[in-house]
Number of protein chains: 2
Amino acid sequence: MDREWNDSQPIYRQLRDRVVAMILDGVLKEGDPLPSVRTVAAEYRVNPLTVLKGYQQLVDDGLVETRRGMGMFVNPGARDLLLQGERQKFLTEDWPRIHANIQRLGLNAEELLNGAGAARSSSEAAPRDSAPPKSADLKNLESNPLKKEER
Amino acid sequence: MDREWNDSQPIYRQLRDRVVAMILDGVLKEGDPLPSVRTVAAEYRVNPLTVLKGYQQLVDDGLVETRRGMGMFVNPGARDLLLQGERQKFLTEDWPRIHANIQRLGLNAEELLNGAGAARSSSEAAPRDSAPPKSADLKNLESNPLKKEER
DNA sequence: TACAGTGTTATAGTTAACTATAACACTAAT
DNA sequence: ATTAGTGTTATAGTTAACTATAACACTGTA
């Protein structure tokens, strides 16, 4: 039940990446509150400070806004910001290494595009709403976080 | 000049991964000695213990053999072992996440797998050999000339 | 007001990664 | 026997990540 964390990266960063993924996937829409520090800490049996540290990065990146006593909320424009920034970062920092590895391992495109990570149907990312927004759950991601994949 | 290390992963692991890549690329052939602990430590201005730790993992994985007083040598069958193990690991652990991210960012996986990513021409990966091998340089990855020092 | 929910700060301890220095053990060649 | 090259071990210190506990500050609602 606890295989939530990947030991190849600090938890606070994985936490940050999960929220990022949720924003990109539209699970967390702009204006939505993200799950409270205490909630997440309890849910994942992690220290509140660790959660805070991850969340704080989102604030620093301008993706999330803090309202004391109320919670933290996804900023307007967050998703666009991410699509821009993360795309750039992925293409220049992550992909070259990943691609080199794929070549190195003699894997072909077909194999990769079919069998493996073909989940996530690609269709959409921004569903409907206008229901009372109640803080989404960090669990709403199957295949984890963003960034930093290597081997 | 020191853009050698990626802070998203411990050095000893990156070290290990470099050697793995060199074996897969055929830069280090079976029976070849790998660059000595001290050499690497000096070259990259890293602690010998850190290098040893990375190398030790290779020994533990059965990829490399230690001969006291002489050095560490690539085991026979190492490359095949790697092609098996690393492929497996990549497909089940890394690729799913990577692919999900690609989708998430609205990028086209197919496109990436073909044209992009600073191509490394897959022409040769397993050259047949029979030349007198002298400890390859860890730098022989990612576009780097051969040795620059002999005395 | 009291309360229960937010984010935030303070103190302090553990562990893993990395570092600096130094020495030991073994091997091939001089 | 000496030397210079290997891997290896020992001691000890720094830093970042994470942890446990506890308290503080703020906000909406009963």
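Letters A, B, ... mirror the listed sequences (proteins, then strands); counts begin at 1.
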Is a donor on one side and an acceptor on the other found under 3.5 Å between the side chain of Q14(A) and the backbone of N6(A)? yes
Spacing between L15(B) atom CG and dT19(C) atom P, to the nearest angstrom: 10 Å
Side chain D80(A), main chain G77(A), donor-acceptor under 3.5 Å: no
dG7(C) base / R67(A) side chain donor-acceptor hit below 3.5 Å: no
Regarding R18(B) and the six-membered ring of W5(B), is the cationic atom NZ or CZ under 6.0 Å from the ring centre and inside 45° of its axis? yes
Could you pick out which residue, G69(A) or G71(B), lies toward the 5' side of DNA chain D when each is mapped onto its nearest nucleotide? G71(B)
Distance test, side-chain N/O of T50(A) to OP1/OP2 of dA17(D), below 4.0 Å: no
Is any side-chain nitrogen or oxygen of K53(A) closer than 4.0 Å to OP1 or OP2 of dC18(D)? no
In this structure, CD1 of I98(A) is separated from CD1 of I98(B) (nearest 0.5 Å) by 4.0 Å
With a 4.0 Å cutoff (strictly under), does any side-chain N or O of Y12(A) reach OP1 or OP2 of dC18(D)? no
Is K89(B) salt-bridged to D94(B), cutoff N-O under 4.0 Å? no
For R68(B) and dT9(D), give me the distance from atom CZ to atom C1', rounded to whole Å. 9 Å
Among dG7(C), dC18(C), dT8(D), find the nucleotide with the atom closest to the side chain of I11(B). dC18(C)
Distance, rounded to the nearest Å, where R13(B) contributes CZ and dA16(C) contributes C1': 12 Å
With a 4.0 Å limit, can you tell me whether T39(A) has a side-chain N or O closer than that to the phosphate oxygens OP1/OP2 of dG5(C)? no
Would you say the side-chain atoms of N108(A) pair up with the backbone N or O of E111(A), donor to acceptor, closer than 3.5 Å? yes
Here the distance between atom C1' of dC18(C) and atom OH of Y44(B), to the nearest Å, is 18 Å
Comparing P48(A) with R38(B), nearest DNA chain D nucleotide closer to 5' gives the residue R38(B)
Rounded distance in Å - CG (N47(B)) to C1' (dG13(D)): 12 Å
Nearest-Å distance, CE (M72(A)) to P (dC26(D))? 17 Å
Nucleotide dA17(D), atom C1' - distance to CD of Q14(A) in whole Å: 12 Å
Please determine, for the side chain of L52(A), which listed nucleotide (dT9(D), dT19(C), dG7(C)) has the closest atom? dG7(C)
Roughly, in whole Å, what's the span from CD in E65(A) to P in dT27(D)? 13 Å
If you compare every side-chain N and O of Q56(A) against the phosphate oxygens of dT8(C) (OP1, OP2), does one of them come in below 4.0 Å? yes
Ignoring backbone atoms, test whether S36(B) places a side-chain nitrogen or oxygen under 4.0 Å from the OP1 or OP2 oxygen of dT6(D). yes
L49(B) has a side chain; which of dT21(C), dG7(C), dC18(D) sits nearest to it? dT21(C)
Counting side-chain heavy atoms from C-beta on, which of dC24(D), dA17(C), dC18(D) comes nearest to P10(B)? dA17(C)
